[in-house]
Amino acid sequence: MDRMVSLCKRRGFVFPSSEIYGGLGSTWDYGPLGAELKRNIKDIWWAAMVHQRDDIEGLDAAILMHPRVWETSGHLDHFTDPLVDCKTCKARFREDELDSARCPRKPSKTPKECGGELTDARQFNLMFKTFMGPVEDDSAVIYMRPETAQGIYVNFLNVMGPARQKIPFGIAQIGKAFRNEITPGNFIFRTREFEQMEMQFFVKPGEDGRWFEYWREQRWQWYLDIGIREEKIRWHEHGPGELAHYARAAYDIEYEFPFGWKELEGVHNRTDFDLSRHAEATGKDLSVFDDENKKKFIPFIIETSAGCDRTLLTVLVDAYAEEEVRGDTRVVMRFHPRLAPYKVAVFPLVNRDGMPDIAGRIAADLRRHFKVFYDDKGAVGRRYRRQDEIGTPFAITVDSDTLTDQTVTLRDRDTMAQIRVPSDALVAALHERLHI
Ligand code: ATP
């Protein structure tokens, strides 16, 4: 984990936010490669959930919502974690995580074992508060959304009508969410500002069980489609003690991180709780008409709720590999080609005999199709290694043979095999191999 985090900083994937001011606890910025990787994750999710289907619509709702939304959803009263303080070292912990937490003074011990005296637990609301408008009084308090889902519920009818959708259908959204977590950490696993990729699927009561199973399968498959190793993911079913009061069933997809099995995404059957509550609070009719039974009903909701940053961490952890190559350690990020920030790198073998010109032309031509990295500095072996480290699936080298037969070397990141390809056949050769 430490080596992967340092690679992220060194190569510009992810680094601490406001670093020159000493950083800000658990906030991270995505550099050039991280921004590409994140964008690719979101694009693939959006393609699978919205573009490739006719029963899901996209939405981009505001982060700031009417404060009554959070009263109705239960976040104001219940979106809390039990907080305990250590009277000795003043560190703060989540009471439900004491067994896995570490004492900052004695890191080999948990806060229960270190001898420090803990306060009683008190409930701490995780929502960030701010004020709307110039007057900072109670009537101006609003919240940064702690989840994107509520933006979907309150817009249910705004989307259904104009999009001419009928139940069953879904609404998908990607956006920032904020939680004032007591114990953020593990790099970008738990942060206070993060992005969610959520989809809420509206179904007829009675059909919820079938759709729940359907969405579990779809979401499991999505992780395999982006190249996550199947043996590293598993289902965790919420038992009766864990199940939210509104949920009929809930499963998490968990990934085996270096710090243990942890939640990656939740798939929940939320019943008609959300729409019923919002209808009650606003007096608006959020029911729909069932043509078959000629009756109105409030749809049930099947939710799939994934964290974008957490998926990115999973992708980084899952792709990171160190291997021995001819007595050397090669670090390689085995990203799925669709996720890789750069798809191909282009090198002139040496900076003479017209090779940089040819390589430059090839790079410019390929840029119309793929994200391309051009590099003419240093030994070619080192250039390959640099691309391995950032997960570029292919590298092309222009060498002296290119000058006579117009072929180039095409090197595969994973096998390191090199083949010769005519330079005018590169676009097709790459499309075939990248599967994009
Ligand atoms: P946890 O138990 O880890 O706090 P949760 O059950 O509260 O998570 P949900 O409310 O179901 O999480 O949120 C859906 C998804 O959003 C999670 O599966 C996770 O991927 C992501 N997520 C939630 N909180 C955070 C956070 N603080 N930082 C990064 N991602 C988060």
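First listed ligand is number 1; within each ligand, the first listed atom is number 1. Both backbone and side-chain heavy atoms feed into the values below; hydrogens, waters and symmetry mates do not.
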Looking only at distances, please establish whether an N/O atom of ligand 1 is found under 3.5 Å from an N/O atom of [X].
| X | value |
| --- | --- |
| Arg94 | no |
| Leu264 | yes |
| Glu198 | no |
| Thr191 | yes |

Nearest-contact summary for [atom] - protein heavy atom, Å:
| atom | result |
| --- | --- |
| atom 16 (O) of ligand 1 | Gln196 NE2, 3.3 Å |
| atom 8 (O) of ligand 1 | Glu263 OE1, 3.8 Å |
| atom 21 (C) of ligand 1 | Gly307 CA, 3.7 Å |
| atom 19 (C) of ligand 1 | Arg310 NH1, 3.4 Å |

Without swapping roles, check the side chain of [X] against the backbone of [Y] for a donor-acceptor pair under 3.5 Å.
| X | Y | result |
| --- | --- | --- |
| Lys294 | Asp291 | yes |
| Lys343 | His431 | no |
| Arg277 | Phe273 | no |

Result of checking Arg411, Arg413, Arg334 against Asp388 for salt bridge (charged side-chain N to carboxylate O under 4.0 Å, His left out):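 When salt bridge (charged side-chain N to carboxylate O under 4.0 Å, His left out) is applied between Asp388 and each of Arg411, Arg413, Arg334, only Arg411 qualifies.
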
Part of Arg190 within contact of ligand 1 (heavy atoms, under 4.0 Å):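 Near ligand 1, Arg190 shows its backbone as well as its side chain.
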
Using a 4.0 Å cut-off to any heavy atom of [X], which atoms of ligand 1 qualify?
| X | answer |
| --- | --- |
| Ser305 | 13 (O), 14 (C), 15 (C), 18 (O) |
| Phe189 | 28 (N), 29 (C), 30 (N) |
| Glu181 | 24 (N), 26 (C), 27 (N) |
| Glu265 | 18 (O) |

Ring centers of Phe169, Phe201 separated by less than 6.0 Å: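 No, too far apart.
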
Distance flag, aromatic centroids of Phe156 and Phe202, threshold under 6.0 Å: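 They qualify: ring centres under 6.0 Å apart.
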
Qualifying residue for side-chain hydrogen bond (donor to acceptor under 3.5 Å, both in side chains) with Thr329, from Arg385, Glu324, Glu323: Glu324

Arg179 to ligand 1, any heavy atom closer than 4.0 Å: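 For ligand 1, residue contact (heavy atoms, under 4.0 Å) with Arg179 is present.
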
Cationic N near anionic O, under 4.0 Å, Arg216 to Glu213: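 Salt bridge present between Arg216 and Glu213.
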
From Tyr255, Phe194, Phe178 - option closest to atom 22 (N) of ligand 1 by heavy atom: Phe194

Criterion side-chain contact (heavy atoms from CB on, under 4.5 Å) against Glu254, the qualifying member of Lys232, Glu265, Arg234: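 Only match with Glu254 under side-chain contact (heavy atoms from CB on, under 4.5 Å): Arg234.
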
Plane angle bin for Phe259 and Phe257 - parallel if under 30°, tilted between 30 and 60°, otherwise perpendicular: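 Parallel.
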
